[in-house]
Amino acid sequence: MRDLRPHLVGARVGRVDLLRPSVLRFPDPDSFRLGVVGRRVTSVRRRGKFIHVGLSGGEDLVVHLGMTGTLTLQDPDQPLQPHTHLRLGLEEGRELRYRDPRRFGRVLLGRPEQLQSVGALPRLGPEPLAANFAASGVAAVLLRSTRAVKTALLDQAVVAGCGNIYADEACYRARIRPDRRANTLSRAQLGRLLEALPAVMREAVRRRGASFSDYRDGFGAKGEAYESLLVYGRGGLPCLRCGSSLRQSRIGGRTTVYCSRCQR
DNA sequence: CCCCTATCCTGAGGGC
DNA sequence: TGCCCTCAGGATAGGG
């Protein structure tokens with residue numbers, strides 16, 4: 001989003017090519033084309049894992065990248081990579097391309113309130129990167145939850161934007177076992193967790209993303225956050241704090257890595 | 001309200 | 001070398 005913003009804001013959409021209509025969840029392809037062509041980009045924002053490209057006329061082009069989605073700016077004559085599902089030609093010359101091999105992502109168009117009311121956008125919890133995150137009420141929500149801490153962190157209605165990697169990293173930094181029931185956390189542990197989560201996410205953005213499989217920035221380049229992860233992808237390897245073997249398990253159907261000695 | 005599991009989907013990696 | 005199997009996971013639906 002941060003890469004795309006300076007190039008997109010002010011640009012006008014000339015041509016729309018929806019190569020795989022099924023990635024568009026709302027509205028229908030004809031309405032989509034009608035609502036996008038000729039519009040100017042007024043803003044590029046983010047809410048949770050959703051990228052909102054604001055268009056003149058008041059509607060947002062909303063993109064969720066799923067697991068393997070990429071949104072990149074390219075020259076229109078660049079060869080088309082496989083699994084490119086949407087091309088938006090910009091009158092300024094370049095082209096915005098949405099690509100997603102596994103197709104867990106999706107594209108929407110509409111006003112946020114409208115998309116929410118038709119069920120195309122879910123209710124989202126507070127933003128870890130917002131200044132008021134610690135005071136957002138997330139602590140109270142966690143203390144009422146009987147679920148595993150990690151499961152709660154992955155619930156987008158509890159915390160917006162946290163994915164599997166950062167849930168594990170945050171629990172490790174806060175020295176909390178990810179399968180610990182959220183409502184049994186001490187105040188001190190909760191405080192550490194609510195500090196650790198924004199910290200790991202900021203760090204990952206600073207390193208331009210964890211490109212362990214498919215993540216790419218706005219120009220198709222990889223990030224290097226993967227190299228600085230302390231637990232994710234390190235199951236069986238020594239804990240960097242105490243040296244004991246990191247345990248790999250499944251919590252809520254997700255691969256989970258933690259240190260059973262450091263995390264209690 | 002919560003949990004678990006299946007589903008969607010492709011590509012990488014291991015075993016043979 | 002090629003084939004088959006398993007695994008990875010964000011969100012959601014369905015059953016318990």
Side-chain angles (χ1 to χ4, degrees), chain A residues 1 19-26 46-52 62-71 80-86 97-108 112 115-125 127-128 137-138 140-171 177-185 197 200-201 204 209-216 220 222-223 225-226 229 231-237 246-258:
Chain A
M1 180 198 70
L19 293 92
R20 184 180 288 271
S22 63
V23 302
L24 177 67
R25 304 302 172 81
F26 187 89
R46 179 191 63 77
R47 178 76 177 99
K49 297 175 184 175
F50 294 86
I51 298 173
H52 288 245
V62 182
V63 178
H64 191 301
L65 298 176
M67 270 299 296
T68 56
T70 56
L71 202 53
L80 213 58
Q81 293 170 282
H83 311 296
T84 300
H85 306 313
L86 175 65
R97 289 181 179 174
Y98 171 65
R99 175 175 185 258
D100 183 13
R102 261 178 250 183
R103 278 182 261 151
F104 283 7
R106 54 212 132 132
V107 175
L108 315 160
L115 293 173
Q116 199 138 31
S117 69
V118 300
L121 273 183
R123 196 171 57 85
L124 294 174
E127 293 282 342
V138 63
V141 171
L142 287 172
L143 285 175
R144 264 186 267 117
S145 172
T146 59
R147 311 146 92 183
V149 174
K150 170 169 179 174
T151 305
L153 290 180
L154 289 177
D155 184 341
Q156 301 297 299
V158 175
V159 173
C162 179
N164 196 39
I165 293 179
Y166 303 113
D168 275 9
E169 295 297 313
C171 287
R177 266 179 71 115
D179 57 358
R180 182 76 180 275
R181 304 276 163 183
N183 62 356
T184 68
L185 291 178
L197 182 61
V200 298
M201 292 175 75
S211 306
F212 74 99
S213 68
D214 301 87
Y215 178 75
R216 298 295 183 274
K222 293 189 184 193
Y226 192 69
L229 299 180
V231 283
Y232 185 87
R234 299 194 66 248
L237 295 174
L246 292 174
R247 195 165 291 179
Q248 181 156 330
S249 66
R250 285 187 98 73
I251 296 176
R254 298 286 160 248
T255 299
T256 302
V257 185
Y258 66 97

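- Here C/dG10 presents its P atom at 10 Å from CG of A/D168, a figure rounded to the nearest Å.
- Counting to the nearest Å, the C1' atom of B/dC4 and the CD1 atom of A/I251 are 14 Å from each other.
- A sub-4.0 Å separation between OP1 or OP2 of B/dG11 and a side-chain N or O of A/H83 is present.
- The phosphate of B/dC2 has neither OP1 nor OP2 within less than 4.0 Å of any side-chain N or O from A/T146.
- Contact annotation: A/T255 reaches the phosphate of C/dG9 (side-chain N/O to OP1 or OP2, under 4.0 Å).
- In this structure, A/V62 and A/L115 have side chains that are in contact, with non-hydrogen atoms separated by less than 4.5 Å.
- Nearer to the 5' terminus of DNA chain C, by closest-nucleotide assignment, is the contact made by A/G253 (compared with the other of A/G253 and A/P122).
- In this structure, NZ of A/K150 is placed 12 Å from C1' of C/dG10, rounded to the nearest angstrom.
- Atom CG in A/N183 sits roughly 12 Å away from atom C1' in B/dC2 (whole-Å rounding).
- Rounded to whole Å, atom P of C/dG9 lies 9 Å from atom CD1 of A/I165.
- Phosphate proximity of C/dG9 to A/Y232: present, with a side-chain N or O under 4.0 Å from OP1 or OP2.
- A/R123 contributes no side-chain N or O that, together with a main-chain N or O of A/G125, makes up a donor-acceptor pair within less than 3.5 Å.
- Nucleotides of DNA chain B nearest to A/R254 and A/A148 differ in position, and the one nearer the 5' end is that of A/A148.
- In this model, no side-chain donor or acceptor of A/R102 finds a partner on the base of B/dG11 within 3.5 Å.
- Summarising the local packing, CZ of A/R47 is surrounded by more than 12 heavy atoms from other residues, nucleotides or ligands at distances under 6.0 Å.
- Which of C/dG10, C/dA8, B/dG11 sits closest to the side chain of A/N164 comes down to C/dG10.
- Here A/H64 reaches the OP1 or OP2 of C/dA11: one of its side-chain N or O atoms lies under 4.0 Å away.
- The side chain of A/Q156 contributes an N or O atom lying less than 4.0 Å from OP1 or OP2 of C/dA11.
- For A/R147, counting side-chain heavy atoms from C-beta on, the closest listed nucleotide (B/dT10, B/dC2, C/dA11) is B/dC2.
- One can place CZ of A/R250 at 6 Å from P of C/dG9, the figure rounded to the nearest angstrom.
- Between A/L80 and A/L19, some side-chain heavy-atom pair lies under the 4.5 Å cut-off.
- Side-chain proximity of A/R181 to B/dC3, C/dA8, C/dG10: nearest is B/dC3.
- Going from atom CG of A/D100 over to atom C1' of B/dC8 covers 11 Å, rounded to whole Å.
- Screening A/T256, A/L237, A/T255 for a side-chain contact (heavy atoms from CB on, under 4.5 Å) with A/Q248, the sole residue that qualifies is A/T255.
- Between the CZ atom of A/R103 and the P atom of B/dG11 there is a distance of 10 Å, rounded to whole Å.
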